[in-house]
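We're numbering straight along the sequence, starting at 1. Values below: all heavy atoms of this structure, side chains included; hydrogens, waters and symmetry mates excluded.
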Amino acid sequence: MAEVATDQLQVWVDQDLCTGDGLCVQYAPEVFEFDIDGLAYVKGADGELRMAPGSRVDVPEHLRLEVIDSAKECPGDCIHVVRGDGVEVAGPDAEDD
């Protein structure tokens, strides 16, 4: 039986709160990208935007700090970074934010 890693992070963007500022795209362009609507979306490992509301993607290990920083610095407070157990580690619902 495979052990579930709770240190794997996922990220999603709440487009209703996105201000289109672009900090996230500057921090981690492999993970975030603007669509033609001027809002940020997350991208999967395949490079495709995840357009459905609440869509989550895994955070690449080498970009963890950049993704967490983007959530903390986001003027719209719309980026949510969650652990595998569902606890938000960065973003508007994080306890330490």
Side-chain angles (χ1 to χ4, degrees):
M1 187 165 119
E3 191 175 311
V4 176
T6 56
D7 59 348
Q8 174 61 50
L9 299 179
Q10 290 191 317
V11 61
W12 64 280
V13 176
D14 182 345
Q15 282 78 29
D16 290 339
L17 299 175
C18 181
T19 61
D21 188 85
L23 281 176
C24 58
V25 176
Q26 291 175 18
Y27 274 110
E30 290 177 53
V31 177
F32 303 103
E33 186 173 310
F34 284 123
D35 194 29
I36 57 171
D37 60 8
L39 302 177
Y41 292 84
V42 291
K43 294 193 290 190
D46 58 4
E48 292 295 316
L49 293 186
R50 302 299 192 249
M51 303 297 289
S55 292
R56 296 180 178 193
V57 297
D58 291 335
V59 176
E61 194 166 326
H62 68 283
L63 292 174
R64 290 176 117 183
L65 291 177
E66 288 84 350
V67 169
I68 289 170
D69 284 346
S70 69
K72 290 182 177 181
E73 300 298 323
C74 176
D77 271 342
C78 67
I79 300 171
H80 301 262
V81 182
V82 294
R83 291 192 319 223
D85 60 3
V87 173
E88 186 155 317
V89 296
D93 299 328
E95 292 184 17
D96 295 331
D97 216 25

Heavy atoms only: give me the nearest [X]-[Y] pair and the separation to one decimal.
X: T19; Y: P75; value: OG1-CG, 3.9 Å
X: A71; Y: V81; value: CB-CG2, 3.9 Å
X: Q15; Y: A40; value: NE2-O, 2.9 Å

According to a hydrophobic-cluster definition based on side-chain heavy atoms being under 4.5 Å apart (Ile, Leu, Val, Met, Phe, Trp, Tyr only), do [X] and [Y] belong together?
X: L49; Y: V31; value: no
X: V42; Y: L63; value: yes
X: V57; Y: I68; value: yes

In Å, rounded to the nearest 0.5 Å, how long is the span from CD1 of I79 to CD of E73?
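So the CD1 of I79 and the CD of E73 are separated by 10.0 Å.
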
Distance (rounded to the nearest 0.5 Å) between S70 OG and L65 CG:
11.0 Å

Results of salt bridge (charged side-chain N to carboxylate O under 4.0 Å, His left out) for D46 - residues two or more places apart only
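D46 satisfies salt bridge (charged side-chain N to carboxylate O under 4.0 Å, His left out) with R50 only.
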
Side-chain donor/acceptor of Q10 to backbone N/O of R56, under 3.5 Å:
no

Residues two or more places apart in sequence or in another chain: which of them pass side chain to side chain donor-acceptor pair (under 3.5 Å) with E66?
none

Among all residues two or more places apart in sequence or in another chain, which pass the side chain to side chain contact (heavy atoms under 4.5 Å, CB included) test with V59?
L9, V11, R64, V67

Below 4.5 Å, heavy atoms only, C-beta onward: do C78 and V13 meet side chain to side chain?
yes

Determine which pairs satisfy ring pair (Phe, Tyr, Trp, His ring centres under 6.0 Å) with at least one residue from residues 58-83, sequence neighbours left out, and list them in order.
W12-H80

Only pairs at least two apart or in different chains count here, so list each ring pair (Phe, Tyr, Trp, His ring centres under 6.0 Å) that has a residue in residues 28-47.
none

Which pairs with one or both residues in residues 13-42 pass salt bridge (Lys or Arg N to Asp or Glu O under 4.0 Å), sequence neighbours excluded?
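Passing the test, one end in residues 13-42: E33-K43.
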
